[in-house]
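Excluded from the calculations below are hydrogen atoms, water molecules and symmetry mates; all remaining heavy atoms, backbone and side chain alike, are included. Note that the structure is predicted; figures quoted are calculated from it, not measured.
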Number of protein chains: 2
Amino acid sequence: MKLLEERIQQDGIIKGGNVLKVDSFLNHQMDIDLFVEMGKELKRLFADCPINKILTIEASGIGIACIVAQQFHVPVVFAKKAQSINIDGEVYSTKIQSFTHGKIYDVIVSKKYISSQDHILIIDDFLANGCALNGLIDLVQSAGATVEGIGIAIEKGFQKGGELIRAKGVRLESLAIVDSMDESTGTIEFRHRA
Amino acid sequence: MKLLEERIQQDGIIKGGNVLKVDSFLNHQMDIDLFVEMGKELKRLFADCPINKILTIEASGIGIACIVAQQFHVPVVFAKKAQSINIDGEVYSTKIQSFTHGKIYDVIVSKKYISSQDHILIIDDFLANGCALNGLIDLVQSAGATVEGIGIAIEKGFQKGGELIRAKGVRLESLAIVDSMDESTGTIEFRHRA
């Protein structure tokens, strides 16, 4: 998605350790007008899918998921990190290792909000090693629901997550795929469809 | 806001310890069409304010804030709980005690995303004892920015938060104010303007 690639080029900051900081528009400050365009593009890409719910994970996936959901006119469910006293009844749970922090945490979603009838689009801001997405796929499958696809804002194409998820046969659409980035020159190269 | 009050009556669940569970439409599963109506109402209420940014706190404030922000055509910044390696440079920080969990945590926002030029609308899903909101007000004031007002989905009018914040002279608009609720009968009474 050209608009997003241009924004990454303009405002993204490359850091050591394969970190791409986009917190000026994506995951700390959020450019809602950009999110609306991302939502329209994901609606176009998944127009043929019978999506009735969007699943994301707190915290930085929530904003994108809500704006995308407006295009689909479906509710959003966000998976929560660690048990909260405000989630009662039974939950589906899985474990996810954070790329950013390294630590492993429990992620839960109430059984009330995903059922075997659901056709789910998973949304997140970033795809790196795929741990978060694999956890979300696991939650959906625990409920017997269908993963219709995954929509990502930025995929780091030089990490293994995208490849692993596509190899599972899950439909994955990333609005920008960074194939390489160079901290010293600030250069970012994007992958485009053949 | 009648639509929200009706939804609370219909789907809210009263629990012991002054807990009102609305996770079927507000803060676990999110009804985006309802959020759009809430956004329109907050735009109407704050139409006279020169708002250029919305501030919220992760996680459950983010969805509402993003949908509200579409009405104002402004970016959203969400305050983060606890230090993350992905926030570099300097941050404004404050401490907030969670009503739900009881524990005290650090909340931060990058100095890059709030400045003395900003006129900020603070958005959150719930107002109970006001700790989260006081923390967000503190962050805005640390930056020398202006709090134009606060927009809340559900205020628990029988807890002290709303009174304390209004006493500070901050303009606070809650879309539904629960004045009392009875766990045994399931009755919820709302406060309305005189």
Gap between atom [atom2] of [Y] and atom [atom1] of [X] - 0.5 Å precision:
X: K81(B); Y: K81(A); atom1: NZ; atom2: NZ; value: 11.5 Å
X: C66(B); Y: F35(A); atom1: SG; atom2: CZ; value: 6.0 Å
X: Q70(A); Y: I67(B); atom1: CD; atom2: CD1; value: 4.0 Å

Near [X] [atom1], under 6.0 Å, is it more than 12 heavy atoms from other residues, nucleotides or ligands?
X: E6(B); atom1: CD; answer: yes
X: Q117(A); atom1: CD; answer: no
X: K2(B); atom1: NZ; answer: no
X: E163(B); atom1: CD; answer: no
X: K111(A); atom1: NZ; answer: yes

Are [X] and [Y] connected, step by step, through hydrophobic side chains (Ile, Leu, Val, Met, Phe, Trp, Tyr) whose heavy atoms are closer than 4.5 Å?
X: F158(B); Y: I13(B); answer: no
X: L164(B); Y: I152(B); answer: no
X: I177(B); Y: L20(B); answer: no

Check your understanding: Is a side-chain donor-acceptor pair under 3.5 Å present for K112(B) with Q29(A)?
Key ->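 Judged by distance alone, the side chains do not pair up.
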Practice item. Go through the atoms of T56(A) and report whether side chain, backbone, both or neither lie under 4.5 Å from a heavy atom of chain B. Key: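 Neither part; nothing is under 4.5 Å.
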Check your understanding: Which region of V74(A), side chain (C-beta onward) or backbone (N, CA, C, O), has a non-hydrogen atom less than 4.5 Å from a non-hydrogen atom of chain B, or is it both or neither?
Key ->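 Answer is backbone: N, CA, C or O of V74(A) sit under 4.5 Å from chain B.
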Considering all heavy atoms, the nearest [X]-[Y] contact:
X: A69(B); Y: I32(A); answer: CB-CG1, 3.7 Å
X: N27(B); Y: F78(A); answer: O-CZ, 3.2 Å
X: H28(B); Y: I108(A); answer: CE1-O, 4.4 Å
X: I62(A); Y: M30(B); answer: CG2-CE, 3.7 Å
X: E58(B); Y: A59(A); answer: OE1-CB, 3.0 Å

Review point. Picking from V77(B), I114(B), D31(B), V76(B), which has the most non-hydrogen pairs under 4.5 angstrom with chain A?
Key: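 Looking at each option in turn, the highest pair count goes to V76(B).
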